[in-house]
Amino acid sequence: MHIARTERFAAHNYHPLPVVLSSGDGAWVTDIEGRRYLDCLAGYSALNFGHRNPRLLRRATEQLNRLTLTSRAFYNDQLGGFAEALAGLCHKDLVLPMNSGAEAVETAIKVSRKWGYEVKGIPADSARIITMHGNFHGRTTTIVSFSDDDTATGGFGPFAPGFVSVPYGDIEAIQQVISPNTVAVLFEPIQGEGGVVIPPPGFLSRLREVCTRNNILMVADEIQSGLARTGKTFACDHEGVVPDIYILGKALGGGILPVSAVVADSDILGVVTPGTHGSTFGGNPLASAVGAEVVAMLQTGEYQARAHEFGERLRAGLGGLIGSGLSEVRVRGLWAGVDIAPGHMTGRDACAGLLARGVLAKDTHGSTVRFAPPLVASEADIDLLVNAVGEVVRNG
């Protein structure tokens, strides 16, 4: 009934596996028939802290009983504390709160262009932003303008100008397309939708040098990779790199509601003035309360440590399957992408096999499967995941 109703009345912009979920707790979810599944997608990292995290639920409930939304025409008593906490976590001056990840990416694009005109001094309407092949920053019309995914772009033109795309991780290619009107390089420190694609060692630090030398903003989309997923607070931390702009989302809302933000210093975000950008729900009291609690949880370092420790366990387990149905394994923290051996099975088939074994995962690009269990998962959960993958790739 639930599947039929959804298929009948909801637009078909997703192709879900045939399971109907009704409740969740920690790293596990339960379907309408009472069967439990280990959630190894975690809402594309929106559920880093697990389903119904008690600490986040308490804070959300407290705020629900007080105040949920005000117009930004007025101040509220939650936004200031959230902005201060998040700015501190990022070691930046200012926070511009939004809702969805795509909305935050759009905001970063606007900020980068305005910075180019008002601070860098390039001619009006000439700003260029460098992007990467294989990127996934969202599905708005501006963002798909620099996508090389035919499914994302087909039938949605004309596309926005002002972007030039280069191979991911290729510093030389970036340097070749820099012009006097280049204002930013927009990139993912790890390409999640692409299959947890990790750039070559040294890429982030070299990109930082190139951007600094050419007076270009380094804009890191850490919507999926940030907030402890990779074993560090931010994926850029793995090379000790601080971008000019952080784009954050997903886990920032604690799996409770959409919360995103652009975080930068005042010489960058200072170009945003009253009327130049806004959001009805961005920075609302409920979102701010939950976001501030997320930042407080990250300050302990507990989740970063868990992602690193259990990620090494995941790496060892999945790595042992190379040659036994898997051709490549990429792991950074508690985030993995595995490539199924050519001709063995599709990623969709593998996910169906995992579903039958009580594990939820998502395929991408035909033969790749991604895993991102909540950071509250246990050692036993990680072992269950590895064993399920082994059974699927060996036995189908």
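All residue numbers in this chain count up from 1 along the given sequence.
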Looking at [X] and [Y], would you say the former's side chain and the latter's main chain have a donor-acceptor pair under 3.5 Å?
{"X": "H344", "Y": "V393", "value": "yes"}
{"X": "D31", "Y": "G34", "value": "yes"}
{"X": "D349", "Y": "M345", "value": "no"}
{"X": "N53", "Y": "G50", "value": "no"}
{"X": "K250", "Y": "G226", "value": "no"}
{"X": "R394", "Y": "L321", "value": "no"}
{"X": "E193", "Y": "T364", "value": "no"}
{"X": "S288", "Y": "P285", "value": "no"}
{"X": "E222", "Y": "C236", "value": "yes"}
{"X": "Q304", "Y": "L298", "value": "yes"}

Taking all atoms of both residues into account, what is the closest heavy-atom pair of [X] and [Y], and its distance?
{"X": "V369", "Y": "A350", "answer": "CG2-CB, 4.1 Å"}
{"X": "A27", "Y": "D381", "answer": "CB-OD2, 4.1 Å"}
{"X": "L318", "Y": "A336", "answer": "CD1-CB, 3.9 Å"}
{"X": "F234", "Y": "L89", "answer": "CE1-O, 3.8 Å"}
{"X": "P199", "Y": "P189", "answer": "CD-O, 3.0 Å"}
{"X": "S45", "Y": "A372", "answer": "OG-CB, 4.2 Å"}

Flag side-chain contact, heavy atom, 4.5 Å: [X] against [Y]:
{"X": "V259", "Y": "P97", "answer": "no"}
{"X": "V210", "Y": "I178", "answer": "yes"}
{"X": "E379", "Y": "R313", "answer": "yes"}
{"X": "I247", "Y": "M98", "answer": "no"}
{"X": "D221", "Y": "V105", "answer": "yes"}
{"X": "N76", "Y": "N284", "answer": "no"}
{"X": "T230", "Y": "H238", "answer": "yes"}
{"X": "L252", "Y": "L227", "answer": "yes"}

Interatomic distance, [X] atom [atom1] to [Y] atom [atom2] [nearest 0.5 angstrom]:
{"X": "I256", "Y": "R52", "atom1": "CD1", "atom2": "CZ", "result": "11.0 Å"}
{"X": "R208", "Y": "I216", "atom1": "CZ", "atom2": "CD1", "result": "10.0 Å"}
{"X": "L314", "Y": "E309", "atom1": "CG", "atom2": "CD", "result": "12.5 Å"}
{"X": "R306", "Y": "E302", "atom1": "CZ", "atom2": "CD", "result": "6.5 Å"}

Identified side chain to side chain contact (heavy atoms under 4.5 Å, CB included) counterpart of I268 within the set V219, V262, V119, V111:
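Exactly one option meets the side chain to side chain contact (heavy atoms under 4.5 Å, CB included) with I268, and it is V111.
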Exactly one of V389, L41, I382, L38 should register a side chain to side chain contact (heavy atoms under 4.5 Å, CB included) with F371. Which one does?
V389
Tell me whether [Y] is reachable from [X] by hopping between hydrophobic residues (I, L, V, M, F, W, Y) whose side-chain heavy atoms are closer than 4.5 Å.
{"X": "L257", "Y": "L47", "result": "no"}
{"X": "M132", "Y": "V177", "result": "yes"}
{"X": "M297", "Y": "Y246", "result": "yes"}
{"X": "M218", "Y": "V183", "result": "no"}
{"X": "L94", "Y": "L86", "result": "no"}

For atom [atom1] of [X], is the number of surrounding heavy atoms from other residues, nucleotides or ligands below 6.0 Å larger than 12?
{"X": "F281", "atom1": "CZ", "result": "no"}
{"X": "D125", "atom1": "CG", "result": "no"}
{"X": "K232", "atom1": "NZ", "result": "no"}
{"X": "E84", "atom1": "CD", "result": "no"}
{"X": "R5", "atom1": "CZ", "result": "no"}
{"X": "R139", "atom1": "CZ", "result": "no"}
{"X": "H308", "atom1": "NE2", "result": "no"}

Does one side chain, of [X] or [Y], offer a donor that lies under 3.5 Å from an acceptor on the other?
{"X": "E209", "Y": "T212", "result": "no"}
{"X": "E239", "Y": "S205", "result": "yes"}
{"X": "S367", "Y": "D339", "result": "no"}
{"X": "S279", "Y": "N99", "result": "yes"}

Pairing of D244 and K92 as salt bridge, 4.0 angstrom limit:
no
Look at E172 together with R206 and state whether they make a salt bridge at an N to O cut-off of under 4.0 Å.
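Counted as a salt bridge, because a side-chain N and a carboxylate O are separated by less than 4.0 Å.
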side-chain hydrogen bond (donor to acceptor under 3.5 Å, both in side chains) between N48 and R229, intermediate numbers included
CA-CA 7 Å; N48 281 3; R229 170 54 60 186; 2.8 Å; yes
Angle class for the F146/F163 ring planes (parallel below 30°, perpendicular above 60°, tilted otherwise)?
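Correct class here is tilted.
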Using links of under 4.5 Å between side-chain heavy atoms of ILVMFWY residues, direct or through other members, which residues join L355 in one cluster?
L17, V19, L21, V29, Y37, L360
Cluster companions of F159 among Ile, Leu, Val, Met, Phe, Trp, Tyr (side-chain spacing under 4.5 Å):
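F159 shares its hydrophobic cluster with V144, F156.
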Walk me through it: do R59 and V290 pass the test side chain to side chain contact (heavy atoms under 4.5 Å, CB included)?
CA-CA 6 Å; R59 186 65 191 92; V290 171; 5.5 Å; no
Test log, rule side-chain hydrogen bond (donor to acceptor under 3.5 Å, both in side chains), inputs S260 and E103
CA-CA 8 Å; S260 65; E103 193 177 6; 5.1 Å; no
Give the C-alpha distance, both sets of side-chain angles, the deciding distance and a yes or no for side chain to side chain contact (heavy atoms under 4.5 Å, CB included) between Q224 and W335.
CA-CA 10 Å; Q224 285 196 60; W335 203 15; 3.7 Å; yes
